[in-house]
Amino acid sequence: MPPVRVLYWFRTDLRLTDSPAVKAALDLAPSALYPVWCWDPEYVYSHNVGVNRFQFLLDSMNDTSAALTRLNPKSQLFVIRGSPRTLLKDLLLKWEISHLVFEEDKSAYGRVRDASVSATAASAGVKVVTRTGHTLWDTEAIVAKNGGHPTLTSETLMKCVDKLPNLEPPIPAPNSIPPPGPLDLALDRNYHPVSRPVDRNARDRTAEVTVYDTFTGPHADFAVPTLEELGMPPATTPYRGGEAEGLKRLEAFCSNEIAVAKFEKPKTSPAAFLPPQTTLMSPYLKFGCVSVRYFHKRVQDIIAKHKRGSSGLPVNLPGQLYFREMYYAAEFATPCFDRIRGNPICRYINWSLENVYDADGALVVPRPVSDDAEAEMYFERWKEGRTGFPWIDALMRQLKHDGWIHHLGRHSVACFLTRGHCFVSWERGLEVFDQWLIDWDPCSNPGNWMWLSCSAFFHSYFRVYSPIAFGKKWDKHGDLIRQYVPELKNFPAAHIYEPWKCPIADQRKAGCIIGKNYPKPMFDEKARKEHCLERMKAAFALGLKGDDTKVLDGSARRELDEADAATVIKSAATSPVSGAKRKQASVADMFAAKGGGGGSGSSSSSAEKMQKISAAADQAKSRSGGSRALDTKEGGNEALGDM
DNA sequence: CCGATGTTGCCGGC
DNA sequence: GCCGGCAACATCGG
């Protein structure tokens with residue numbers, strides 16, 4: 001019998017409690033255990049990862065490394081800087097590994113990477129052992145129970161999992177682990193190029209990337225990298241990663257057993273970021289710091305104890321975890337899940353700023369600036385929290401600064417960007433969430449963007465979140481706005497959701513002049529909503545999905561664009577306002593602090609509103625560098641830096 | 001074909 | 001706090 005020497009490959013499973021893959025590794029009774037992390041250049045250059053998620057990941061890696069050292073002083077998380085596709089093979093050979101063990105990652109990206117690494121390992125005579133652990137059930141098994149189809153409703157998901165074996169109980173963390181063997185490495189840098197044609201995270205860097213200068217870190221100790229080595233400034237998120245932190249947070253949440261048993265997601269406040277309104281467990285699930293199965297068992301036990309008056313599926317806590325399973329299974333069974341083009345479950349809607357592809361069908365990166373200046377302006381102002389709608393701006397600034405916002409807050413801003421008001425493609429919103437969220441997930445995130453934009457999973461496009469009413473329902477005083485939009489800190493509560501309606505004397509008293517210290521709303525909310533509803537109606541009438549030939553050849557786009565143009569012309573023709581007058585309209589006129597914008601209760605018809613939109617579009621298009629012109633002097637978000 | 005259902009809309013009226 | 005109107009989505013079971 002050759003000696004059993006295991007390389008355990010950590011990825012999004014940075015924990016030791018309830019890790020089926022770690023148990024499988026230890027069950028092999030290895031004489032040597034190498035816990036390894038490959039610091040993949042894909043993640044550094046090709047994915048959209050902002051400084052906050054990197055920080056959360058580094059926290060989690062450091063926590064796991066310390067936990068490994070506690071179990072064996074010779075052990076740690078051995079970080080190798082380079083691509084697993086090339087480096088792992090070298091490590092398997094040099095360290096004479098017999099078994100490669102890792103937790104399954106069935107996302108499209110993980111699947112391809114893991115198949116490549118597994119094939120390499122097998123060809124080197126190394127046995128590959130994998131276990132499910134990132135999800136409650138094996139995603140592939142769920143899809144098989146659904147006839148190979150994506151799971152599009154929670155009911156479908158439940159029907160599938162009812163046919164699967166019951167969940168195994170969680171596995172305690174190990175008490176000890178074997179030491180690694182010799183750590184000698186003599187690798188040739190030339191075999192492991194890390195340069196990339198595109199650096200998608202360059203915008204966040206303040207210095208050179210040095211993390212790839214060596215294989216084993218600046219002190220040759222396989223240390224976890226630092227943000228400095230990534231060329232990034234310090235993170236701003238208050239949330240810290242790691243298994244210890246995650247379990248602590250879970251226990252704190254579970255200490256209020258009645259709240260756990262009665263939890264109903266739709267009745268939690270989007271303005272909240274503390275228990276019992278939210279668990280804030282999503283980033284810990286994303287990096288596997290907390291096992292989803294352990295989380296599930298913990299809340300199920302509490303619910304069983306407090307059966308009377310407890311909430312049910314799908315709004316309760318287990319229900320939330322089942323939605324996560326649904327998105328994983330949907331992603332597994334759907335090609336092009338994170339985009340519209342080629343996506344068979346995604347309704348085709350002629351959004352502004354949709355993805356751009358080259359002649360070979362490859363996504364053009366970096367994304368070219370669209371000639372739709374109005375949409376670019378809406379998008380830019382949405383992203384940076386300068387729409388002039390305080391509720392939206394507060395959430396977007398919270399997202400950028402903290403890396404996390406409440407689920408229903410995400411609904412609010414996602415609906416606003418897409419079908420509700422801006423009519424910008426969900427693909428653009430997805431990219432921003434990818435860059436800024438600490439809990440970004442390749443299944444839940446595109447899934448939820450399709451949900452909110454009525455592209456898949458959900459279809460009632462006439463239910464639109466109001467950027468004014470929705471937040472007010474939960475946060476009457478506007479505390480979330482005051483925290484994240486400090487310009488409005490002293491605004492009277494009566495006007496904080498619609499500050500442009502505030503009398504100028506009160507604006508002066510609050511030390512914030514709308515249009516000077518904080519922007520006017522970037523459009524008439526009601527008019528934009530009506531416009532978007534018309535366009536949604538047309539897209540639903542056409543009834544195409546992202547993989548239809550008419551979408552692939554561009555004719556669906558032309559057809560819908562023409563229908564939209566006809567609607568606008570028709571509205572203009574029936575309007576009593578003359579064309580000459582229309583030309584005089586401008587964005588500034590529409591949103592003067594007095595009168596005009598945002599539901600001043602005027603009797604303007606839908607047709608008039610349509611004209612205003614059309615005029616605003618003309619205005620924006622004719623202005624060179626339109627977004628920049630509008631952005632200046634309109635209350636930036638510098639103040640966020642020192643919160 | 002009908003009617004019930006679908007995690008999380010808004011508004012006005014009671 | 002709960003209802004219906006708004007104008008109306010998809011899916012599923014019968």
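Per chain, numbering begins at 1; letters A, B, ... match sequence-line order.
B/dA4 and C/dA8 have their C1' atoms separated by 15 Å, with the value rounded to a whole Å. Atom name P, nucleotides B/dT5 and C/dC6: the rounded distance is 22 Å, in whole Å.
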Where do N or O atoms of nucleotides 5-7 of chain B meet protein N or O atoms at under 3.5 Å, pair by pair?
from  : atom 1 : to     : atom 2 : distance (Å)
B/dT7 : OP2    : A/S154 : OG     : 3.0
B/dT7 : O2     : A/Q320 : NE2    : 3.3
B/dT7 : N3     : A/Q320 : OE1    : 3.1
B/dT7 : N3     : A/Q320 : NE2    : 3.4
B/dT7 : O4     : A/Q320 : OE1    : 3.4

Nucleotide N/O to protein N/O under 3.5 Å, stretch nucleotides 3-8 of chain C:
from  : atom 1 : to     : atom 2 : distance (Å)
C/dA8 : OP1    : A/K537 : NZ     : 3.1

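One atom, CH2 of A/W474, and another, P of C/dG1, lie 12 Å apart when rounded to the nearest Å. In this structure, A/L152 atom CG and C/dA10 atom P are separated by 13 Å, rounded to whole Å. Atom pair A/L408:CG and B/dT8:P shows a separation of 10 Å (rounding to whole Å applied). Between A/F470 atom CZ and B/dC11 atom C1' there is a gap of 15 Å when expressed in whole angstrom units. Following rounding to the nearest Å, A/E525 (CD) and B/dC10 (C1') show an atom-to-atom distance of 10 Å. Atom pair A/F458:CZ and B/dT8:P shows a separation of 7 Å (rounding to whole Å applied). Straight-line distance from the CD1 atom of A/I405 to the C1' atom of B/dT8: 15 Å, rounded to whole Å. The separation between A/E534 atom CD and C/dC9 atom C1' is 16 Å, rounded to whole Å.
For the salt bridge (charged side-chain N to carboxylate O under 4.0 Å, His left out) with A/E487, the qualifying choice from A/R397, A/R386, A/R482 is A/R397, the only one to do so. A ring pair (Phe, Tyr, Trp, His ring centres under 6.0 Å) with A/F416 holds for exactly one of A/Y465, A/F389, A/F423; it is A/F389.
Within the 4.5 Å cutoff, the side chain of A/R324 has heavy atoms near those of the A/H134 side chain.
Ion pair A/D524/A/R528 not flagged as a salt bridge, since none of the NZ, NE, NH1 or NH2 atoms sits closer than 4.0 Å to an Asp/Glu carboxylate oxygen. Salt bridge status for A/E354 with A/R428: absent, with no side-chain N to carboxylate O gap under 4.0 Å.
Residue contacts shown for A/R410 are absent, as no nucleic acid heavy atom lies under 4.0 Å away. Within the nucleic acid shown, A/K159 comes within 4.0 Å of sugar-phosphate atoms alone, with no base atom in reach, counting heavy atoms only.
Side-chain atoms of A/D18 and A/S291 include a donor-acceptor pair closer than 3.5 Å.
In DNA chain C, consecutive stretches of 3 or more Watson-Crick or G-U wobble pairs with both distances under 3.5 Å are given as paired ranges: B:1-6 with C:9-14, B:9-14 with C:1-6.
Atom NZ of A/K472 has more than 12 heavy atoms from other residues, nucleotides or ligands within 6.0 Å. No more than 12 heavy atoms of other residues, nucleotides or ligands sit less than 6.0 Å from atom NZ of A/K489. Open room surrounds NZ on A/K248; 12 or fewer heavy atoms of other groups in view lie less than 6.0 Å from it.
Looking at A/R15, its side chain never comes within 3.5 Å of a backbone N or O of A/V290 through a donor-acceptor pair.
In this structure, A/R347 reaches the C/dA10 phosphate: one of its side-chain N or O atoms is under 4.0 Å from OP1 or OP2. For the OP1/OP2 pair of B/dG9 and a distance below 4.0 Å, the side-chain nitrogens and oxygens of A/K473 include no atom meeting the criterion.
At least one test fails for A/K267 against the ring of A/W474: distance under 6.0 Å to the centre or angle within 45° of the axis.
Ring geometry for A/F470 versus A/W391: interplanar angle over 60°, hence perpendicular rather than tilted (30 to 60°).
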